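Note that this is a predicted model, so its numbers are computed, not measured.
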Amino acid sequence: MNPDIKDILLKYWGYSAFRPLQEDIIRSVLSGYDTLALLPTGGGKSICFQVPALAMEGVCLVISPLIALMKDQVEQLRSRGVDAAAIYSGMSNSETELTLDNCQHGNTKLLYLSPERLLSETLRERLAHIKVSFIAVDEAHCISQWGYDFRPSYLRIAEIKSLYPNIVIAAFTATATPLTRDDIIKKLEFKQHNVFTGSFNRENLSYLVYHAYDKNSRLTEILKNSHGSAIVYAKSRKATADISGYLNKIGISADYYHAGVAMALRNKKQQDWIRNKIRVMVATNAFGMGIDKPDVRVVVHMDTPDSLEAYYQEAGRAGRDGGNSFAVLLYQNQDISELRKRPESSFPPVNEIRKLYTSVCNFLGIPIGAGNGISYDFELTRFLSKYELKPLPTLACLRVLEAEGLIELTDSVFIPSRIHFVGRQEDLYRFRVESPRFDPLIKVILRSTEGAFERFVNISEPDLARKTATRTEDIVKALVYLDNLGVISYAPRKDTPQITFLNERIPSEHIEFDFAFYHKRKQLYETRIEAVINYITRQHTCRNVMLLSYFGEEAEVRCGNCDYCRSRNKLDLNEMEFNKYIACIRKALSENPVPIEGLAQLVKLTEQEKLLDIARWMLDNRELTLTTDGKLKLTSIE
């Protein structure tokens, strides 16, 4: 008999009740149904697979695309007393083998894997001997060619069913259009169409879009007229530092964050922000995933995102505690022009992709026929310098190689040093007696860690040095020596991006591109770009209504809080009157500009004041502009 799921929730998370839909989703999985759950950012989707994993016998396989999220969830689960583990790029073979041994013979309840790891024949052979309860697919939109973050390795997840023919698959995502949802169900070979959809409506979040001639000034105004913690997203690393410096100069405490900052410093910056030592974090979109800070009051985008899915996720980091919050997007006409150019730069010519593939292989020293399944440290800055390459085109080529299933690219993720005691406790005791010079170090490790005989545990060489009154370099030498003796298995820290080759290196001219699919992906990207442009420039629709419509949800009424609604609320007109005058003005100006007095003549005298109020409103909202000779014309955004 399965444990009661409410008892599990209370024991491990301290909650006495589930959020809306969580219990329904969990009971669907426990009943043996393939399940797709769409829960917006902050909706508690992790609990929907973690609770049934604890209620069922065996190990839940969690497929997740981001190492940082895997590590974060594993650490959180272990802090709650749940035995969880992960296998990802950068782990040693011995660490991977021990993790799988614990899944097969130990008490591991959740095993996190990247989809690329799932393709390994060695891993599949081991999984065949592990009792798997069910498969949870996180960020499931990655499986769909219609999704904004498609990953070809996700398409292979369904293959695992050959090992477990009756296995249940539970898929989770925060952002999926109706087309993407249907594709997820098809690609994962669901036995039934079983979908739970949480509302994308965030009643406490006001979406505001402003045209800003000076973005820094507008940002200042926003932050000075709001309270609480804030995130400011910028597109470049340099911009994060520049904006942070500007805010500090005007008396607003801020710091910056991007993947190029050393991990120890990144962690400090993040903790200072979480603890409200600084108010504003200015960051690239590398910031935010897995960070649980519920009291963010403002999220500002200084640059235009390239999809509404990404924007919704990033904006949704505001107001997770239910308090009134703001998601602000600032733009200039130039931003719209640059958005329209992105598809060309994001889908480079095939000859450039082939050339870059060769350069990467040469940089890493991979000969033809080698590299299959091997992960390599990849220092992008040194690579760019050596081959005199520009960052953005290079990253675009790398992403295409990833989308074609040739490589897996991970951002810089800090993996601390780990150790595992290889033998039994009595073997270690005997070694300590025979080699007393290592006894102080081993004692400190045993006192500072828990479970080092069963699995790899994190250590800090500087911390061990401090506790043993030794130099850090001497601690490292001792750990390496103990590793060579077979007393421990020692995996030094990593803090560099990783490239994993999913196939052996081949001559670049032998790379086969699916040109039809490549062009289709480009068209889909262009469609998403146009959706963003429409969201930014369309001034006569509620922002919330537009977002809900994009995700296939119908809004019954305007939100009343977005920039459109706030401006619209100032007009003393009902919806029917408002729409009538808007249509009248648009029709009158559809061919040629018209003088203001000429516009007034379109309606009877008693309605002229209302129509002119609408015209002024349209001018304020940049739907209309004045020509040099004082006529009104419809605004066109280039």
Side-chain angles (χ1 to χ4, degrees), residues 65 67 87-100 113-126 151-156 159 259-260 347-413 415 418 480 483-484 489-515 517-518:
I67 293 176
I87 294 176
Y88 44 77
S89 303
M91 289 174 60
S92 65
N93 288 335
S94 59
E95 197 171 357
T96 300
E97 286 299 312
L98 181 62
T99 301
L100 291 170
L113 299 163
S114 71
E116 290 78 13
R117 300 293 94 192
L118 202 59
L119 303 183
S120 161
E121 284 302 321
T122 304
L123 180 63
R124 289 193 184 198
E125 288 172 10
R126 291 298 307 272
R151 296 192 179 209
S153 52
Y154 261 72
L155 293 173
R156 307 283 296 277
E159 294 176 15
F347 289 82
V350 168
N351 63 314
E352 289 184 19
I353 301 167
R354 287 195 167 109
K355 184 178 178 182
L356 188 91
Y357 174 81
T358 300
S359 297
V360 169
C361 292
N362 292 340
F363 179 71
L364 298 173
I366 305 172
I368 299 290
N372 185 19
I374 300 175
S375 297
Y376 300 87
D377 290 344
F378 184 63
E379 296 179 49
L380 181 61
T381 303
R382 193 161 65 88
F383 174 71
L384 294 172
S385 175
K386 181 173 181 177
Y387 292 95
E388 298 180 349
L389 298 169
K390 294 180 180 179
L392 293 180
T394 298
L395 287 171
C397 288
L398 288 171
R399 292 302 178 194
V400 173
L401 289 171
E402 189 173 34
E404 290 293 324
L406 294 168
I407 63 170
E408 174 196 8
L409 181 68
T410 61
D411 289 330
S412 175
V413 176
I415 303 173
R418 290 93 61 214
V480 170
D483 180 90
N484 290 333
S489 186
Y490 171 52
R493 59 180 281 175
K494 285 181 175 289
D495 189 14
T496 54
Q498 298 270 307
I499 280 186
T500 303
F501 273 70
L502 304 180
N503 298 286
E504 63 184 34
R505 178 185 175 179
I506 58 176
S508 62
E509 63 269 20
H510 293 176
I511 298 176
E512 295 183 1
F513 287 92
D514 184 341
F515 289 104
F517 184 63
Y518 188 68

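S489 is listed as a side-chain neighbour of D483, based on a closest heavy-atom distance under 4.5 Å. You'll find the side chain of L123 reaches within 4.5 Å of the side chain of L113, heavy atoms only. You'll find the side chain of Y154 reaches within 4.5 Å of the side chain of P115, heavy atoms only. Contact annotation: the side chain of L364 approaches that of F501 to within less than 4.5 Å [non-hydrogen atoms, C-beta and beyond]. Residues F378 and L398 are in side-chain contact: their nearest non-hydrogen atoms beyond the backbone lie under 4.5 Å apart. Counting heavy atoms from C-beta outward, L380 and L395 have side chains that approach closer than 4.5 Å. Counting heavy atoms from C-beta on, the side chains of I407 and Y376 never come closer than 4.5 Å. Within the 4.5 Å cutoff, the side chain of I353 has heavy atoms near those of the Y518 side chain.
In terms of heavy-atom proximity, S375 sits nearest to T500 at OG-OG1, 2.7 Å. Contact detail for Y357 and E504: the closest heavy-atom pair is OH-O, 4.0 Å.
Residues that satisfy the salt bridge (charged side-chain N to carboxylate O under 4.0 Å, His left out) test with D377, not counting sequence neighbours, are K494.
For the side-chain contact (heavy atoms from CB on, under 4.5 Å) with L356, the qualifying choice from L389, V400, N351 is L389, the only one to do so.
One N or O on the side chain of T99 and one on the backbone of E95 form a donor-acceptor pair closer than 3.5 Å. Remark: side-chain polar atoms of R505 are not paired, donor with acceptor, to backbone N or O of G371 under 3.5 angstrom.
Within 6.0 Å of atom CG in N484, more than 12 heavy atoms from other residues, nucleotides or ligands are found, so the atom counts as buried in its surroundings. At most 12 non-hydrogen atoms from other residues, nucleotides or ligands lie less than 6.0 angstrom from CD of E512.
For the atom pair OG1 (T96) and CG (L98), the distance works out to 9.5 Å, reported to the nearest 0.5 Å. Rounded to the nearest 0.5 angstrom, L502 CG and E402 CD are separated by 8.5 Å. One distance of note links CG of L406 with OG of S508; it measures 11.0 Å at 0.5 Å rounding. The CZ atom of R399 lies 12.0 Å from the SG atom of C397; values are rounded to the nearest 0.5 Å. The CD1 atom of I499 lies 12.0 Å from the CD atom of E379; values are rounded to the nearest 0.5 Å. With rounding to the nearest 0.5 Å, the separation of CZ in F383 from CG in N362 is 9.0 Å.
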Verdict with reasoning, K355 to E352, per salt bridge (charged side-chain N to carboxylate O under 4.0 Å, His left out):
CA-CA 5 Å; K355 184 178 178 182; E352 289 184 19; over 6 Å; no
Walk me through whether Y387 and T394 qualify under side-chain contact (heavy atoms from CB on, under 4.5 Å).
CA-CA 11 Å; Y387 292 95; T394 298; over 6 Å; no
Where do R126 and E97 land on the side-chain contact (heavy atoms from CB on, under 4.5 Å) test, with the steps shown first?
CA-CA 9 Å; R126 291 298 307 272; E97 286 299 312; 2.6 Å; yes
